Amino acid sequence: AFLIGMASFLSIVAAGQIRPLPSGGQLPSGLFVHSIASMIRTDRNATTKASSDFGRIVEAAPEAVLHPATPADIAALIRFSASSKAPFPVAPRGQGHSARGQSLAPGGVVVDMRALGRGHRRINVSAGAGYVDAGGEQLWIDVLRATLEHGLAPRAWTDYLRLTVGGTLSNAGIGGQAFRHGPQIANVRELDVVTGTGELVTCSREESSDLFFAVLGGLGQFGVITRARIALEPAPKRARWVRLAYTDVTVFTGDQELLISKKASEAGFDYVEGQVQLNRTLIDGPESTPFFSGADINRLAGLVSRSGSGAIYFIEAAMYYDEATASSVDQKLEAVLEQLSFTPGFVFTKDVTYVQFLDRVRVEEEVLRSVGVWDVPHPWLNLFIPRSRIIGFDTGVLKGILGGTNPVGVILMYPMNTNKWDDRMTAVTPQTEEDVFYAVSLLRSAVAVGDVERLERENEAVLAFCTREAIRCKQYLPHYTSEDGWRRHFGTKWERIAELKAKYDPQTIMAPGQRIFQSSI
Ligand code: FAD
């Protein structure tokens with residue numbers, strides 16, 4: 001991702017109204033004499049911090065926040081609620097980097113997962129066996145640092161690393177390595193989960209496999225991930241990081257699909273993503289970015305003016321290397337570039353360490369923070385689009401519905417291979433027979449009065465377009481307000497998910513901010 005992309009750094013006026021969610025009731029008094037009582041905070045300072053999220057669109061205060069020292073403390077809280085005459089909602093909160101209140105617990109208890117790791121690092125690398133055991137509360141950047149001490153690293157990454165292991169595994173964890181290794185959930189060997197009845201269960205593909213598959217992509221509905229065993233590979237040292245510009249969407253997607261195809265994938269890039277820039281954003285945007293120099297931006301702006309298509313596209317890709325492969329990386333890169341049809345001369349290359357590459361969004365975060373456009377509302381919409389419909393989506397949505405706008409933010413568009421996803425997991429992909437689908441992320445920020453409403457209206461129009469055109473897309477980081485919406489989202493998986501919910505969270509207390517199951521509370 002290149003979040004800064006087209007941000008024209010306007011001064012920020014009040015950025016829209018936060019919508020309150022309905023609150024629940026009061027907590028049973030027995031909780032405050034329980035053995036975990038000293039870890040529970042009810043003061044305004046604690047509850048306010050757990051009342052909103054990165055999205056800044058909804059807010060709802062919990063009655064209390066639990067700061068657990070061990071997974072057993074979480075189990076005690078959940079057991080208390082689940083067996084109480086008056087069960088209350090419980091939501092694990094990782095970094096709270098959701099956009100629509102998914103980690104909130106109106107009227108209940110938010111579990112501040114990050115408290116688990118305070119004081120000691122709950123990350124254990126088993127180098128010989130090729131895995132790391134990481135606490136659900138750990139940030140991916142810390143998992144990276146710990147595994148690199150052994151010359152190893154996980155294979156699949158999100159673009160941004162200041163997210164927790166439990167938070168991304170509850171969704172899927174997608175990024176430019178997913179075409180080869182699948183999403184992060186496909187790279188998990190074992191989990192420790194505190195279920196919605198307060199039981200501590202170790203599960204894997206072989207052991208309690210129904211819980212294992214339920215929890216991966218499970219949106220926090222079945223329990224709390226307190227440990228994940230994640231597969232590792234030898235870590236490369238450096239990355240050749242490239243961006244290639246296109247003016248034609250068909251050529252752009254054709255090249256992306258070539259790069260993720262089995263044949264090209266073995267010899268080609270280790271990471272493949274893509275970005276769309278609409279109309280005048282390069283011309284009106286910042287003079288340089290952490291990736292593009294001022295001179296690059298000028299050339300790209302010229303390309304936008306000449307293209308006439310209303311959009312230009314970038315493939316972002318990376319080729320990893322180390323000491324042993326350093327002498328051949330240029331040749332390998334040239335060989336791959338020769339097969340591609342980007343606009344001649346529009347290839348931009350950087351050479352960075354592996355960590356700089358993986359942690360690249362951190363640099364953009366710092367820039368955005370420094371100009372005050374990080375802590376603003378984020379009405380983001382993420383979709384998985386079947387491969388056969390991506391050109392129609394580009395015409396109808398990117399050049400149609402969004403074509404006239406000049407948003408602050410970024411639009412990502414990149415393909416993944418369906419066969420790298422395990423359909424037994426709760427995470428959903430488009431229910432078609434196609435072997436490739438695209439992630440399209442409209443990651444836009446609301447920086448001026450009325451932006452939230454305008455961007456939300458556009459998001460609605462995008463979803464309505466997909467329905468009207470029968471594009472069988474799925475939302476990623478999904479958000480629905482009705483059970484009917486969720487039924488359609490999960491499709492053929494719905495009955496099974498409802499059964500597993502009844503088994504592992506019969507009181508429907510877990511992660512109510514997702515608004516999937518009507519609570520009995
Ligand atoms: P939270 O927002 O705290 O929680 C998310 C949900 O998971 C909630 O329902 C919560 O109750 C539940 N949950 C949290 N911890 C646990 C746990 N231990 N066990 C069970 N349930 C739990 N996603 C991608 O896939 N790829 C990306 O490249 C990507 N880039 C991003 C960049 C930015 C700047 C941001 C803000 C988000 C990005 N995301 C990306 C989305 C991100 O993966 C999700 O929002 C994720 O949920 C954030 O993790 P978190 O720790 O903040 O989770």
Side-chain angles (χ1 to χ4, degrees), residues 1-4 49-50 52-56 62 68 71 74 78 89-105 108-114 116-117 122 134-141 156-178 183-185 191-196 211 214-228 271 273 358 360-362 364-365 368-369 374-375 378 380 382 384 409-410 412 414 416 426-427 439 441 443 445 476-479 504-505 509-516:
F2 358 109
L3 292 176
I4 299 172
K49 278 189 197 145
S52 190
D53 59 17
F54 181 79
R56 288 178 175 247
I74 301 174
I78 295 177
V90 175
R93 177 186 177 91
Q95 282 287 84
H97 272 26
S98 301
R100 296 185 182 272
Q102 288 92 333
S103 63
L104 309 186
V109 180
V110 165
V111 179
D112 176 2
M113 293 299 292
R114 299 283 294 142
L116 275 181
R122 298 196 333 125
E137 75 290 354
Q138 293 296 318
L139 300 185
W140 283 98
I141 181 69
W157 297 96
T158 49
D159 295 335
Y160 179 61
L161 304 187
R162 269 77 184 170
L163 305 168
T164 66
V165 166
T168 71
L169 296 184
S170 296
N171 286 292
I174 59 165
Q177 300 85 0
Q184 289 179 325
I185 49 172
L191 296 170
D192 282 346
V193 177
V194 179
T195 69
L211 182 63
V215 164
L216 293 170
L219 306 173
Q221 294 307 298
F222 310 97
V224 180
I225 298 168
T226 55
R227 176 186 62 94
Y271 161 101
E273 286 198 9
L358 289 181
R360 61 200 177 279
V361 176
R362 177 62 164 183
E364 302 191 354
E365 175 184 353
L368 293 175
R369 279 189 188 282
W374 182 260
D375 292 322
H378 297 99
W380 287 3
N382 294 273
F384 289 164
V410 68
L412 302 182
Y414 60 91
M416 286 179 276
T426 305
S441 301
L443 308 180
S445 306
Y476 177 58
L477 311 172
H479 168 70
Y504 288 111
D505 178 21
I509 58 177
M510 299 304 303
Q514 299 277 5
R515 304 171 78 180
I516 303 176

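Just so it is clear, the model here is predicted, and its values are computed rather than measured. Every number for a ligand or one of its atoms is a count from 1 in the order of the listing.
Proximity of P92 to ligand 1, defined as any heavy-atom pair under 4.0 Å, is shared by backbone and side chain alike. If you look at T226 next to ligand 1, there are no close heavy atoms at all, none under 4.0 Å. At a heavy-atom cutoff of 4.0 Å, ligand 1 is contacted by the side chain of M113 but not by its backbone. The residue W157 has no part lying near ligand 1, judged by heavy-atom distances below 4.0 Å. When non-hydrogen atoms are compared, ligand 1 lies under 4.0 Å from neither the backbone nor the side chain of V165. Residue contacts with ligand 1, taken as heavy atom pairs separated by less than 4.0 Å, involve W374 solely via side-chain atoms from C-beta onward. Residue E137 does not touch ligand 1, judged by heavy-atom distances below 4.0 Å.
Using bins of under 30°, 30° to 60° and over 60° for the plane-to-plane angle, the ring pair W140/W157 lands in the perpendicular bin.
Comparing heavy-atom distances from atom 28 (O) of ligand 1 across V193, I74, L191, D159 singles out D159 as nearest. Closest heavy-atom approach to atom 30 (N) of ligand 1 within the set Y476, W140, Y160: this belongs to Y160. Of the candidates Q102, Q184, E364, the one placing a heavy atom closest to atom 8 (C) of ligand 1 is Q102. Among G218, G96, A439, G223, the residue whose heavy atom sits closest to atom 20 (C) of ligand 1 is G223.
An N or O contact shorter than 3.5 Å links I225 to ligand 1 by distance. Distances between N or O atoms of R93 and those of ligand 1 include no value under 3.5 Å. Where the criterion is an N or O separation shorter than 3.5 Å, residue side chain and backbone included, A172 fails it with respect to ligand 1. By the 3.5 Å distance cut-off applied to N or O atoms, W380 is not counted among the residues near ligand 1.
Donor-acceptor pairing under 3.5 Å is lacking for the side chains of Y504 and Q221. Using a 3.5 Å distance cut-off with no hydrogens or angles, the side chains of Q184 and T168 do pair a donor with an acceptor.
Comment: E364 does not engage R360 in a salt bridge, judged by the lack of any side-chain N to carboxylate O separation of less than 4.0 angstrom. A salt bridge between R93 and D53 is absent, with no side-chain N of the basic residue lying under 4.0 Å from a carboxylate O of the acidic one. No salt bridge links D112 with K49; every basic N to acidic carboxylate O contact stays at or beyond 4.0 Å.
In this structure, D53 falls outside the shell of residues with a heavy atom less than 4.0 angstrom from ligand 1.
Listed for the R114 side chain is a donor-acceptor partner under 3.5 Å among the backbone atoms of E137.
Separating the CE atom in M510 from the CG atom in L219 is a distance of 12.5 Å, to the nearest 0.5 Å.
Residues that satisfy the ring-ring contact (aromatic ring centres under 6.0 Å, His included) test with H378, not counting sequence neighbours, are F54, W380.
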